[in-house]
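Read through the structure below, which is laid out as structure tokens, and then see the notes.
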Number of protein chains: 2
Amino acid sequence: MTQRVMQEPTLLLLTALADEPRHGYAITQEIRKISDGQVTMRTGTLYGALERLLKQGLIEVHREEVVDGRLRRVYTLSDTGRERLEAEAERLAATAREASRRLGAFSSQATGSPRTSAATA
Amino acid sequence: MTQRVMQEPTLLLLTALADEPRHGYAITQEIRKISDGQVTMRTGTLYGALERLLKQGLIEVHREEVVDGRLRRVYTLSDTGRERLEAEAERLAATAREASRRLGAFSSQATGSPRTSAATA
DNA sequence: TGCGCATATGTCGTCAGGTGACATATGTTG
DNA sequence: CAACATATGTCACCTGACGACATATGCGCA
């Protein structure tokens with residue numbers, strides 16, 4: 001099946017829906033909070049992603065409410081989305097761990113020249 | 001500077017160079033190992049990424065050797081690349097942690113197998 | 001009264017980066 | 001000698017993120 005690896009903005013979006021349902025604008029605010037102010041999801045990314053994730057069944061429309069005469073859609077994680085987010089988070093953590101481990105492994109042997117010394121040129 | 005967030009294949013590539021210098025094909029094999037057999041980096045991604053990362057100064061040509069009459073380039077992480085990888089790994093870990101935390105917060109009220117119990121009104 | 005800002009949803013063109021298919025060449029093994 | 005691992009490389013295509021723009025309401029304040 002080899003599905004494409006989820007990108008971070010998408011992952012942040014799903015994370016923003018992990019604890020409770022939210023509507024679009026609230027999601028952008030939540031993402032800013034999650035990323036400690038580092039990531040501002042533009043509406044172009046947001047609404048495109050929402051549509052895509054709906055189609056993929058990772059999120060669902062929790063309810064629709066009318067506020068000030070305008071339709072507001074509140075989204076929620078689907079069961080599939082929840083499972084997927086769990087898997088992605090785990091995989092991401094593993095990748096990050098491995099990167100840190102290797103970086104640490106290197107710095108521990110300090111400036112040791114790589115085993116394979118210059119073999120011609 | 002608002003640089004684009006690094007994608008996972010790129011991060012895996014840098015990780016594959018974190019402990020010791022490697023040439024292209026060795027990198028793909030290492031990535032497979034790192035990802036526990038889940039990610040196979042195609043040559044299209046690989047050589048494109050290598051060129052890009054060279055241009056960005058995140059990796060360097062460690063040495064060039066001639067094997068079987070063919071040029072083989074061995075790449076290594078630059079100091080910048082090492083710092084960048086550290087930062088990315090940290091950020092990734094934080095994101096993954098936050099996702100898990102929120103998922104956990106939710107599942108604490110609905111622990112057990114993810115049932116399709118649509119309690120959502 | 002109206003100006004700017006936060007809130008709020010949405011569209012569209014552009015672009016970076018990843019994917020998959022293809023090309024090419026040597027060494028090894030059955 | 002066929003098939004496969006090793007090895008480097010190109011290219012067209014597509015997805016998804018980005019940035020700019022459009023639009024509309026409520027609210028504070030000058």
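Residue numbers begin at 1 in each chain, while the letters A, B, ... track the order of the sequences. Since the structure is predicted, the reported quantities are computational estimates derived from the model, not experimental observations.
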- Task: Walk me through it: do B:R82 and B:E86 pass the test salt bridge (charged side-chain N to carboxylate O under 4.0 Å, His left out)?
- Result: CA-CA 6 Å; B:R82 189 163 294 277; B:E86 268 166 30; 5.9 Å; no
- Query: Does A:Q29 put a side-chain nitrogen or oxygen below 4.0 Å from OP1 or OP2 of C:dT7?
  - Reply: yes
Atom [atom1] of [X] and atom [atom2] of [N]: how far apart are they, to the nearest Å?
X: B:L46; N: C:dA21; atom1: CG; atom2: C1'; result: 16 Å
X: A:Y75; N: C:dT9; atom1: OH; atom2: P; result: 8 Å
X: A:L53; N: D:dG16; atom1: CG; atom2: P; result: 9 Å
X: B:Y47; N: C:dT19; atom1: OH; atom2: P; result: 16 Å
X: B:R42; N: C:dA21; atom1: CZ; atom2: P; result: 7 Å
X: B:H23; N: D:dA7; atom1: NE2; atom2: P; result: 4 Å
X: A:L71; N: D:dT25; atom1: CG; atom2: P; result: 15 Å
X: B:E64; N: D:dA7; atom1: CD; atom2: C1'; result: 15 Å

Any idea which of [options] is nearest the [X] side chain?
X: A:T43; options: C:dA8, C:dG10, D:dT8; value: C:dG10
X: B:D68; options: D:dC21, D:dT8, C:dG27; value: C:dG27
X: A:R70; options: D:dG19, C:dT7, D:dA24; value: D:dA24

- Message: More than 12 heavy atoms of other residues, nucleotides or ligands under 6.0 Å from CD of B:E51: yes or no?
- Response: no
Within the sub-3.5 Å range, which N or O atoms of nucleotides 15-18 of chain C have a protein N or O partner, and how far apart are they?
{"residue": "C:dG18", "atom": "OP1", "partner": "B:T10", "partner atom": "OG1", "Å": "2.8"}
{"residue": "C:dG18", "atom": "OP2", "partner": "B:R52", "partner atom": "NH2", "Å": "2.6"}

- Could you grab the distance from atom CG of A:L12 to atom CD of A:Q38, nearest 0.5 Å is fine? 10.5 Å
- Query: Checking side chain to side chain contact (heavy atoms under 4.5 Å, CB included) against B:T80, which of B:I59, B:L58, B:L85 comes through?
  - Reply: B:L58
- Identify which one of B:L17, B:L77, B:T10 satisfies the side chain to side chain contact (heavy atoms under 4.5 Å, CB included) criterion when paired with B:L53. B:T10
- Task: Walk me through it: do A:V67 and A:R70 pass the test side-chain contact (heavy atoms from CB on, under 4.5 Å)?
- Result: CA-CA 5 Å; A:V67 179; A:R70 304 192 65 195; 6.0 Å; no
- Stepwise salt bridge (charged side-chain N to carboxylate O under 4.0 Å, His left out) test for B:R22 and B:E30: CA-CA 9 Å; B:R22 288 190 168 85; B:E30 198 63 20; 3.4 Å; yes
